[in-house]
Amino acid sequence: MNYWLMKSEPTVFGIDDLARRPGKRDFWDGVRNYQARNSLREMKKGDLAFFYHSNADETGIAGIVKIVGEATPDPTAFDPKDHHYDPKSNPDKPAWYGVDVKFERKLKRVITLAELKSRRELKTMKLLQPGSRLSVMPVEKKHWDAILKL
DNA sequence: GCCAACGTTGGC
DNA sequence: GCCAACGTTGGC
């Protein structure tokens with residue numbers, strides 16, 4: 001079982017949008033970066049991911065989602081009307097993928113980026129490396145556990 | 001709104 | 001293959 005971190009802007013799609021429909025699955029689409037895409041394809045059913053709010057009033061980890069469906073081609077890449085449309089992508093050879101996620105729980109409070117940065121034990125997290133802008137990335141178990149203890 | 005860091009594109 | 005120009009991400 002692996003752990004992940006997935007970013008979204010809460011004004012577009014936040015943890016509350018998931019919390020509103022418990023038990024339902026949502027397709028995590030719109031990822032258009034190859035490294036992030038590769039992480040999506042490595043995800044297995046049952047993996048857990050932190051739901052991270054970027055560009056938010058409170059930037060940080062807001063909740064946890066469960067991966068309930070492994071990577072399948074992202075249909076928004078083929079839809080000219082979609083904001084994430086990729087004119088170069090070809091349905092016969094899909095470049096972009098998404099996974100199915102399900103709401104697991106909200107954290108009692110948002111664990112802010114500032115707090116994550118302040119923790120010595122989290123220094124080596126991928127999220128905190130300078131210039132790290134990936135919207136989907138792996139989280140080491142030791143970091144996952146440490147964060148849940150905050 | 002600003003801007004640094006990064007990814008992508010395209011000319012050569 | 002190099003690299004400048006441009007677009008995007010995301011913190012502040």
Side-chain angles (χ1 to χ4, degrees), chain A residues 2-20 26-43 47-67 69-150:
Chain A
N2 289 305
Y3 299 93
W4 310 91
L5 182 141
M6 304 170 87
K7 293 184 187 173
S8 180
E9 302 192 22
T11 53
V12 179
F13 186 78
I15 189 76
D16 286 323
D17 293 298
L18 278 177
R20 224 170 274 134
D26 273 278
F27 187 64
W28 194 284
D29 59 20
V31 171
R32 296 293 179 269
N33 169 283
Y34 286 103
Q35 263 182 278
R37 188 279 312 267
N38 292 344
S39 285
L40 287 175
R41 296 213 290 200
E42 286 168 26
M43 291 180 178
D47 285 357
L48 295 173
F50 284 133
F51 194 127
Y52 179 94
H53 283 173
S54 60
N55 272 316
D57 290 339
E58 257 191 323
T59 293
I61 297 170
I64 296 174
V65 298
K66 182 180 271 182
I67 309 305
E70 292 173 18
T72 52
D74 179 352
T76 65
F78 311 125
D79 178 1
K81 293 190 297 297
D82 195 277
H83 182 244
H84 295 290
Y85 176 56
D86 175 8
K88 289 190 309 309
S89 80
N90 169 5
D92 295 327
K93 209 170 165 257
W96 305 119
Y97 287 75
V99 294
D100 279 317
V101 300
K102 208 184 254 188
F103 177 70
E104 183 80 6
R105 64 185 175 90
K106 282 177 78 166
L107 297 190
K108 290 194 199 73
R109 61 189 177 89
V110 174
I111 299 177
T112 64
L113 180 62
E115 181 171 1
L116 296 171
K117 280 182 177 166
S118 76
R119 291 284 168 169
R120 179 192 306 268
E121 67 271 29
L122 299 178
K123 265 221 170 69
T124 58
M125 269 190 90
K126 207 181 255 291
L127 174 73
L128 303 182
Q129 301 318 302
S132 159
R133 290 184 319 168
L134 288 173
S135 61
V136 181
M137 69 185 87
V139 173
E140 293 175 49
K141 176 162 172 47
K142 65 177 180 188
H143 293 146
W144 180 277
D145 291 340
I147 288 166
L148 289 182
K149 280 190 200 128
L150 295 177

Asker: Could you state the atom-to-atom distance from CG of L134(A) to C1' of dA5(B) in whole Å?
Answerer: 12 Å
Asker: Could you state the CG-P distance from L128(A) to dC12(C), rounded to the nearest angstrom?
Answerer: 11 Å
Asker: For the pair made of CD in E115(A) and P in dG11(C), what is the distance, rounded to whole Å?
Answerer: 16 Å
Asker: Indicate whether OP1 or OP2 belonging to dG10(C) is found under 4.0 Å from a side-chain N or O atom of K7(A).
Answerer: yes
Asker: Looking only at the side chains, is there a donor atom on one of H143(A) and T124(A) sitting less than 3.5 Å from an acceptor on the other?
Answerer: yes
Asker: Let me know the distance between CZ of R37(A) and P of dT8(B), rounded to the nearest Å.
Answerer: 11 Å
Asker: Using a cut-off of 6.0 Å, state whether more than 12 heavy atoms not belonging to E121(A) lie near its atom CD.
Answerer: yes
Asker: Could you state the NZ-C1' distance from K126(A) to dG10(C), rounded to the nearest angstrom?
Answerer: 18 Å
Asker: Within the pair Y34(A) and dC6(B), is there a side-chain N or O less than 4.0 Å away from OP1 or OP2?
Answerer: no
Asker: From CG of N33(A) over to C1' of dG7(C), roughly how many Å is that when rounded to an integer?
Answerer: 14 Å
Asker: Separation of Q129(A) atom CD from dG11(C) atom P, in whole Å?
Answerer: 15 Å
Asker: Taking atom CG of N90(A) as the centre, does the number of heavy atoms from other residues, nucleotides or ligands within less than 6.0 Å exceed 12?
Answerer: yes
Asker: In whole angstrom, give the distance that lies between atom CH2 of W96(A) and atom C1' of dG7(B).
Answerer: 10 Å
Asker: If each of N55(A) and S132(A) is mapped to the nucleotide of DNA chain B with the nearest heavy atom, which maps nearer the 5' terminus, i.e. the 5' end?
Answerer: N55(A)
Asker: Would you please confirm or rule out a distance under 4.0 Å between OP1 or OP2 of dT9(B) and any side-chain N or O of K88(A)?
Answerer: yes
Asker: Using only modelled atom types and a 3.5 angstrom limit, is any donor from either the side chain of R32(A) or the base of dT8(C) paired with an acceptor on the other?
Answerer: no
Asker: Angle class for the F51(A)/W28(A) ring planes (parallel below 30°, perpendicular above 60°, tilted otherwise)?
Answerer: perpendicular
